[in-house]
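What follows is a single structure, written as structure tokens, with notes after it.
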Amino acid sequence: MRKPIIAGNWKMNNNPDEAVALAKALIPLVANAKAEVVLCPPFVDLVAVGAAIRGTNLQLGAQNVHWASSGAYTGEISASMLKALGVSHAIIGHSERRQYFGETDETVNQRSVAALAAGLTPIICVGESLQQREEGVTDAVVTVQTVAALKGMSAADVEKVVIAYEPIWAIGTGKTATSQDANDTIKVVRSAIAGVYGAALAEKVRIQYGGSMNAKNATELMAMPEIDGGLIGGASLKAEDFSKVVNF
Ligand code: 13P
């Protein structure tokens with residue numbers, strides 16, 4: 001019932017020329033994808049990548065979005081600005097932003113609400129650190145993050161949201177969560193949504209896995225009943241590898 005969604009988070013990689021070359025290489029490789037496919041290049045590449053993928057099945061995502069529509073927020077980008085460029089998705093609350101740039105559950109919520117109001121689909125990231133996993137508080141952590149991120153949203157808005165469960169210890173480390181662990185924690189995220197909005201709505205929300213997902217492990221991860229897609233870092237930077245994930 002839930003359409004899979006695979007997003008490539010290019011992080012701080014590729015200048016506009018490199019970004020266009022990667023997007024163009026991808027187009028034929030993913031043309032028949034069953035999943036929704038979203039490319040999230042750096043802000044400065046959005047215009048060029050948007051032009052390169054126009055008319056294809058690829059969609060454009062940003063890696064962040066500010067909560068205000070305009071104003072004195074040096075270095076930030078608003079949802080309406082992104083929308084005007086043809087952006088449809090925005091990653092929000094990535095663990096790297098939480099860890100290095102002071103992102104909090106509250107700002108994740110504010111950014112997500114603003115994204116929805118402008119017609120963008122937020123891809124909201126949640127996930128535990130290695131220490132939290134070892135302390136056995138993973139379920140509590142992702143529950144708190146999920147409920148906080150969705151605070152104040154209508155049911156209609158929550159239905160549009162995509163959640164990415166990314167255990168921090170699996171990001172860029174080559175250590176993937178086992179498909180069973182990923183599935184179990186995603187089930188906890190879904191229960192957290194159900195706790196506020198009811199089970200029927202929670203069943204409609206797409207929840208991705210992220211963290212060293214690649215051409216080799218995508219098939220197994222995507223076969224799990226709770227996993228509705230992937231948020232791909234390193235493996236999204238090579239067209240061949242990313243296409244294998246997309247065509248899982
Ligand atoms: P890697 O796929 O490089 O582990 O990164 C995952 C991630 O952070 C995607 O947002």
Side-chain angles (χ1 to χ4, degrees), residues 4-14 18-19 22 26 30 35-43 45-46 49 58-65 87-101 103 108 111-112 115 120-130 132-133 138 141-142 145-146 149 161-179 181-183 185-186 189 206-222 224 227-248:
I5 174 164
I6 310 279
N9 176 9
W10 294 1
K11 307 191 179 182
M12 196 171 72
N13 293 290
N14 292 327
E18 294 162 337
L22 176 54
L26 265 168
V30 300
E36 262 183 60
V37 189
V38 187
L39 304 184
C40 305
F43 286 122
D45 298 341
L46 286 170
V49 172
L58 293 170
Q59 300 179 79
L60 194 59
Q63 295 177 18
N64 195 11
V65 58
V87 170
S88 52
H89 294 70
I91 298 170
I92 297 173
H94 191 279
S95 61
E96 287 149 16
R97 294 219 55 89
R98 293 180 189 255
Q99 189 177 351
Y100 306 132
F101 302 103
E103 202 74 65
V108 169
R111 293 181 198 275
S112 302
L120 298 177
T121 299
I123 300 177
I124 301 172
C125 304
V126 301
E128 81 287 2
S129 66
L130 181 60
Q132 289 166 330
R133 174 151 288 259
T138 296
V141 168
V142 299
Q145 288 177 334
T146 301
V161 162
V162 174
I163 310 262
Y165 165 58
E166 298 203 307
I168 296 168
W169 48 270
I171 295 176
T173 57
K175 281 188 211 159
T176 323
T178 66
S179 52
D181 281 349
N183 194 73
T185 307
I186 287 178
V189 173
R206 292 179 297 173
I207 309 179
Q208 300 171 314
Y209 168 77
S212 297
M213 189 163 166
N214 58 37
K216 288 206 178 73
N217 57 30
T219 309
E220 183 185 333
L221 286 160
M222 290 303 296
M224 301 306 286
I227 301 179
D228 304 319
L231 185 56
I232 321 300
S236 73
L237 296 172
K238 294 207 174 100
E240 191 82 16
D241 288 355
F242 188 59
S243 72
K244 284 185 184 146
V245 178
V246 167
N247 299 314
F248 58 89

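Read the numbers this way: they start at 1 and go in the same order the structure lists the ligands and their atoms.
- Screening Thr138, Ile124, Leu231 for a side chain to side chain contact (heavy atoms under 4.5 Å, CB included) with Tyr165, the sole residue that qualifies is Thr138.
- For the pair Asp228 and Ile5, the minimum side-chain heavy-atom distance is 4.5 Å or more.
- Taking a cut-off of under 4.0 Å to the non-hydrogen atoms of Leu231, the atoms of ligand 1 that pass are 9 (C), 10 (O).
- Regarding atom 5 (O) of ligand 1, its nearest protein heavy-atom neighbour is Lys11 NZ, 3.3 Å.
- The proximity of Cys125 to ligand 1, defined as any non-hydrogen pair under 4.0 Å, does not occur for either the backbone or the side chain.
- Listed by number with element, the atoms of ligand 1 under 4.0 angstrom from any heavy atom of Ala170 are 4 (O).
- Of the protein's heavy atoms, Glu166 OE2, 3.0 Å lies nearest to atom 7 (C) of ligand 1.
- The side chain of Asn9, and not its backbone, has at least one atom closer than 4.0 Å to an atom of ligand 1 (non-hydrogen atoms only; side chain from C-beta on).
- Separating the CG atom in Asn214 from the CD1 atom in Ile232 is a distance of 8.5 Å, to the nearest 0.5 Å.
- Between the side chain of Ser179 and the backbone N or O of Leu221, no donor-acceptor pair lies under 3.5 Å.
- Looking at Ser212 next to ligand 1, an N or O pair under 3.5 Å apart turns up.
- The shortest N or O to N or O distance between Met213 and ligand 1 is not under 3.5 Å.
- Counting only heavy atoms from C-beta outward, the side chains of Gln63 and Arg97 never approach each other to under 4.5 Å.
- Counting the atoms of ligand 1 from 1 in the order shown, those under 4.0 Å from a heavy atom of Gly211 are 4 (O), 6 (C).
- When side chains are defined from C-beta on, Ile227 counts as touching Met222, because their heavy atoms get closer than 4.5 Å.
- When hydrogens are left out, the protein atom nearest atom 3 (O) of ligand 1 is Gly234 N, 2.8 Å; that is the closest non-hydrogen contact.
- Looking only at distances, no side-chain donor or acceptor of Asp181 sits under 3.5 Å from a matching main-chain atom of Thr178.
- Listed here is the closest heavy atom pair of Ala235 and Met213: CB-O, 3.6 Å.
- Counting only non-hydrogen atoms, the option in Gly210, Gly233, Gly172 that gets closest to atom 4 (O) of ligand 1 is Gly172.
- Short contacts between ligand 1 and His94, defined as distances under 4.0 Å to a heavy atom of the residue, involve ligand atoms 7 (C), 8 (O), 9 (C), 10 (O).
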